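One-based numbering along the sequence shown. Small disclaimer: the values here were computed from a predicted structure and weren't measured.
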Amino acid sequence: MSVERIFDHLGHFKRFQACLYFAAVFQAIACGIHYLASVFLVQTPNFVCGVPGNITDVLYGNQTASSLEDILPVFKPGTGPLVARTAGGQQWELGRCRRALRIDPGGFAYNFGGNATAEACDGNFVYDHTEVLQSIVTQWDLVCEKEWLAKLCQPTFMLGVLIGALVFGDVADRVGRVKILMLTSVCQFGFGVSVAFAGNYYYFVVLRFLLAMVSSGYLVVVFVYVTEFTGIKVRTWTSMHVHAAFAVGVMVVALTGYLVRVWWIYQLVLSTCTSPFLLLCWKFPETPFYLMAKGRHEDAQTLLDSIARFNGLECTLTVQELLEPEERENGRALLREAEERPPQPEKKLSILDLFSTWRMAGRTCTVWAIWFIGSLGYYVFSLGSVNLGGNQYMNLFLAGAVELPSYLVGCFAMDRIGRKKTCAPALLLAGVACMLIIVVPDDIDALAIALAMTGKFAIAIAFGLIYLYTCELYPTIIRSLAVGSGSMMCRVGSVVAPFCVYLADVWIYLPQLIVGILAFVIGVLTLLLPETLGKPLTTTLQEAEALGNQPSKKDSAVGRLFNLTLEN
């Protein structure tokens, strides 16, 4: 596509593009923050039922204390109850969701052979505040029969992410990339701050759902935005390092969670740390690809002049030069013909255009499968890392940090051997790592951890490159829709992931088996996709088809006119 010539004349990644890129990517940190914030928002600390009256003594095995708060840090559910004595002489055996009052206990001892009256907790709970001073669980007592409400927060958030990815990806193709970037940025700040002041659980869930939609919308559109503002020579690095910004957001969550142990203060800090972006986003220009696709040639020329001036270059490129000579001549004839006809309504595009032919349908299904397994594998490996032990904040920080080298490796591989030849081996490696985890003896923890990190490393490579690969496989007029629908499949994977992890109760290695088989099969299917390394971004559906080595069908006169005036 000749619009790519812009970067040959004005630079693939000079000052103008660099300023836009780093500003846009800075806000992508907020997406990583909000996606993972619930790790500590809904954290459930150790707890037991409370008792009526003042407690004077507590027993747990051979350990004694004067209050429940003193003994809770060492209490392990399932190993036996806590025994508490009140100032009135009552003795209670306390569990997480049940308590029992001893009848005629006599002396105060841990073991008791007499009768006790058991009952459910009356809504009075005592929490361990060693790690968490206040979370939404402790504030609204989301434990025992209300535990499902706390577990519902993350799936509800991911449902909002799924809907936002599809809605905003489609809208960005209709109204422009930059308008969606501004809208979602402002809404991220507004909804993020509002969550901190949610008066009850239901307001909290609704606000988080809306926050998920706009965060997902920004993340989808920003990939398209930076892709259409950078040239082929740097497009691999610029697109992949949006993921690096997301990983930085994960590390920010870990650091903030360690320093701030009150959930609403924690939410405020996370929501305001990227607020300086709001001072810049209203100055963002629309992308040259979108302006040319919509026939806004004057705006496109103004943008080219601005880029050249900011980069210290003399702009000798005109919009008309972006059309091939033959296309310009045909375009003039078709335009004269069109002037004599009634105006034609602009073609309405929808998700069905991703399945316009059998070849395009097969490509879309394979791309969606990569998005799905990338997200499913990412979250299965991440949730499994919780069982590694040690400091939970450090574990989450490392979970974000381990992604950074994977994107560097992915960038080098994509530029040297291609997108397809990087994605397919990465998925195959993840599948093999999952299978090897199953056969590793239980007593070799270090090897199992190494294999799990290898699997996550490989999944991160495939998951990172699929954004750019999708952008290159689809034309301008449906590019945001393709990325948005792919991101929708990604969120389906993230919603399914927790349920996949729960299958460990059936067989401890069942999650790894499912991810391993899917990753291996999808890795093989990826080999059937066309390669896009070194090819310019396409603008028409016919050019996208030609990328798969299928000759383009001849257009009608009206169709050629539409392509020339609206898509070039």
Side-chain angles (χ1 to χ4, degrees), residues 38-154 198-202 204-205 257 261-266 386-387 389-393 502 505:
S38 62
V39 171
F40 300 124
L41 283 173
V42 299
Q43 191 174 9
T44 302
N46 216 354
F47 70 94
V48 292
C49 288
V51 299
N54 296 322
I55 292 175
T56 58
D57 300 284
V58 180
L59 293 176
Y60 177 54
N62 58 0
Q63 301 182 64
T64 62
S66 58
S67 68
L68 292 175
E69 289 82 356
D70 293 335
I71 205 72
L72 275 175
V74 297
F75 173 63
K76 296 181 179 180
T79 59
L82 295 181
V83 180
R85 181 167 61 182
T86 67
Q90 292 180 327
Q91 294 185 21
W92 293 85
E93 296 180 358
L94 306 176
R96 283 200 155 187
C97 300
R98 304 282 295 179
R99 65 186 183 187
L101 176 62
R102 290 178 175 179
I103 301 175
D104 298 326
F108 184 53
Y110 187 74
N111 296 316
F112 178 66
N115 296 324
T117 302
E119 61 184 46
C121 294
D122 60 358
N124 180 23
F125 299 94
V126 179
Y127 298 96
D128 176 19
H129 296 292
T130 304
E131 291 290 334
V132 182
L133 293 179
Q134 186 186 76
S135 69
I136 68 166
V137 173
T138 64
Q139 179 163 341
W140 296 315
D141 290 328
L142 304 181
V143 293
C144 298
E145 70 274 4
K146 294 182 179 179
E147 182 182 6
W148 67 276
L149 292 174
K151 291 184 176 180
L152 189 63
C153 289
Q154 188 65 12
N200 59 54
Y201 169 80
Y202 299 101
F204 174 86
V205 170
R261 307 298 176 89
V262 178
W263 77 268
W264 63 271
I265 300 177
Y266 162 85
V386 177
N387 300 323
N391 186 287
Q392 60 181 340
Y393 304 102
Y502 295 153
D505 295 335

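The main-chain N or O of G257 is found under 3.5 Å from a side-chain atom of R261 such that the two form a donor-acceptor pair. No donor-acceptor distance shorter than 3.5 angstrom exists from the side chain of D57 to the backbone of R85, with no hydrogens or angles considered.
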Could you walk me through whether S135 and Q43 pass the side chain to side chain donor-acceptor pair (under 3.5 Å) test, one step at a time? CA-CA 6 Å; S135 69; Q43 191 174 9; over 6 Å; no
Stepwise, does the side-chain contact (heavy atoms from CB on, under 4.5 Å) test hold for T86 with V51? CA-CA 8 Å; T86 67; V51 299; 4.1 Å; yes
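Separating the CG atom in L142 from the OG1 atom in T44 is a distance of 8.0 Å, to the nearest 0.5 Å. Distance check: I136 CD1 to C153 SG gives 4.0 Å after rounding to the nearest 0.5 Å. The structure places CZ of R99 at 13.5 Å from CG of L82, a figure rounded to the nearest 0.5 Å. I265 CD1 to L133 CG: the interatomic distance, rounded to the nearest 0.5 Å, is 9.0 Å. Rounded to the nearest 0.5 Å, atoms OH (Y202) and CG (L149) are 5.5 Å apart. Atoms CD and OH, from Q63 and Y110 in turn, are 10.0 Å apart once rounded to the nearest 0.5 Å.
Between C144 and C97, the gamma sulfurs sit within a distance below 2.5 angstrom.
Counting all heavy atoms, side chain and backbone alike, L101 lies closest to Q90 at CD1-CB, 3.9 Å. In this structure, V58 and S66 approach most closely via the heavy-atom pair CG2-C, 4.5 Å.
L94 places a side-chain heavy atom less than 4.5 Å from the side chain of L68. Between R102 and V83 there is a side-chain heavy-atom pair separated by less than 4.5 Å. D128 has its side chain out of reach of F75: every pair of non-hydrogen atoms, C-beta onward, lies at least 4.5 Å apart. Under the 4.5 Å side-chain criterion, counting only non-hydrogen atoms from C-beta, E69 is not in contact with T130. Annotation: side chain of W92 is not in contact with side chain of P105 (no heavy-atom distance under 4.5 Å). For the pair Y60/D70, no side-chain contact is recorded, criterion being any heavy-atom separation below 4.5 Å from C-beta on. Between T117 and I103, some side-chain heavy-atom pair lies under the 4.5 Å cut-off. Using a 4.5 Å cut-off on side-chain heavy atoms (C-beta onward), V143 and R96 make no contact.
Between F204 and W263, the ring planes lie perpendicular to each other; the angle is over 60°, past the 30° to 60° tilted range. Using cut-offs of 30° and 60° for the angle between ring planes, the F47 and Y127 rings count as tilted.
Sparse packing is recorded around CG of N54, with 12 or fewer heavy atoms of other residues, nucleotides or ligands lying under 6.0 Å away. Residue-environment remark: CH2 (W140) exceeds the threshold of 12 foreign heavy atoms within 6.0 Å.
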